[in-house]
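Here is the structure we will look at.
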Amino acid sequence: MTRAAEAIRGLATADRGVAAVAAAREAIHRVVGVYESADDSDGCIADAAAELERAHLDACLAAPPDLDATAQWLIDHCLGDGGKYLETEPTDYHDVLGVKGLATLRALGEEALARNPSGWAEKYLMESLARAAGDLEN
């Protein structure tokens, strides 16, 4: 486990969930920022990023954040540079978002797809959400 992920989990378990979520998002943002210029042939950066993403999800579960803000963060992350380099699965956030938050996530995804109908990330996101909702066969 990375020290950053460990610290984020420590915040979450110490009733500092809001700080844990914010720290995780900032750490993920910083890792994404180094991907373009870094050599990750050994997979160390990818492993650290995956650990930070799991820590973010854990922090969200420990102290559920604002649903709309979390849905927006997931859209921005998955359709931005985070989606290029990391393997975030928005449907993993089902227990955090619940029905209302997933509906917001789907609406935001539909808006993004309408803005960029040929975007592979937008299409993948919507297919993932549809599979999670049982709209498509796995």
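Hydrogens, waters and symmetry mates are skipped; everything else that's a heavy atom, side chains included, is used.
At least one donor-acceptor pair under 3.5 Å links the side chain of Asp40 to the backbone N or O of Ile45. Side-chain atoms of Tyr35 come within 3.5 Å of backbone N or O of Ala46 as a donor-acceptor pair. The main-chain N or O of Gly10 is found under 3.5 Å from a side-chain atom of Thr13 such that the two form a donor-acceptor pair.
Distance check: Leu79 CG to Arg115 CZ gives 8.5 Å after rounding to the nearest 0.5 Å. With values rounded to the nearest 0.5 angstrom, Asp68 atom CG is found 4.0 Å from Lys100 atom NZ. For the atom pair CG (Leu57) and CD1 (Ile8), the distance works out to 12.0 Å, reported to the nearest 0.5 Å. Atom-to-atom distance recorded for Cys60:SG and Asp92:CG is 11.5 Å, nearest 0.5 angstrom. Taking SG of Cys78 as the start and NZ of Lys84 as the end, the distance is 13.5 Å to the nearest 0.5 Å.
Using a 4.5 Å cut-off between side-chain heavy atoms of Ile, Leu, Val, Met, Phe, Trp and Tyr, with links allowed through other members, Leu125 and Leu97 fall into the same hydrophobic cluster. Leu67 and Val21 fall into different hydrophobic clusters, defined by Ile, Leu, Val, Met, Phe, Trp and Tyr side-chain heavy atoms under 4.5 Å apart, directly or through other members. Tyr124 and Leu129 are members of different hydrophobic clusters when ILVMFWY side chains are connected at heavy-atom separations under 4.5 Å. Linking ILVMFWY side-chain heavy atoms closer than 4.5 Å, directly or via other members, places Tyr93 and Leu86 in a single hydrophobic cluster.
Side-chain atoms of Asp81 and His29, non-hydrogen and from C-beta on, never get closer than 4.5 Å to each other.
Residues Ala59 and Ala12 share a closest heavy-atom pair of CA-CB, 3.9 Å. When all heavy atoms of Pro117 and Ala114 are compared, the pair lying nearest together is CD-O, 3.6 Å. Ala63 and Val18 get closest at one heavy-atom pair: CB-N, 4.3 Å. The two residues Leu105 and Pro90 make their nearest non-hydrogen contact at CD2-CB, 3.7 Å. Ala71 and Gly101 get closest at one heavy-atom pair: CB-O, 4.0 Å. Of all heavy-atom pairs spanning Ala4 and Leu52, the tightest one is CB-CD2, 3.8 Å.
The number of heavy-atom neighbours closer than 6.0 Å to CG of Asp15, taken from other residues, nucleotides and ligands shown, is 12 or below. The 12-atom threshold is not exceeded at CD of Glu87, counting heavy atoms of other residues, nucleotides or ligands nearer than 6.0 Å. The neighbour count for Arg54 CZ, taken as heavy atoms of other residues, nucleotides or ligands under 6.0 Å away, is above 12.
Residues Asp76 and Gln72 have side chains that bring a donor and an acceptor to within less than 3.5 angstrom of each other.
For Arg30 and Glu26, the salt-bridge test passes: some basic side-chain N is under 4.0 Å from an acidic carboxylate O. Contact check on Glu53 versus Arg25 returns no salt bridge, with no Lys/Arg side-chain nitrogen under 4.0 Å from an Asp/Glu carboxylate oxygen.
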Check the pair Glu111, Leu108 against side-chain contact (heavy atoms from CB on, under 4.5 Å), reporting the backbone distance first and the verdict last.
CA-CA 5 Å; Glu111 290 172 12; Leu108 292 170; 3.9 Å; yes
Test Arg9 against Glu51 for salt bridge (charged side-chain N to carboxylate O under 4.0 Å, His left out), laying out the working first.
CA-CA 11 Å; Arg9 287 194 174 98; Glu51 188 64 31; 2.5 Å; yes
Using the rule given for ring pair (Phe, Tyr, Trp, His ring centres under 6.0 Å), can you reason through Trp73 versus His56, listing the C-alpha separation, both sets of side-chain angles and the distance that settles it, and then say yes or no?
CA-CA 12 Å; Trp73 181 84; His56 178 261; 4.4 Å; yes
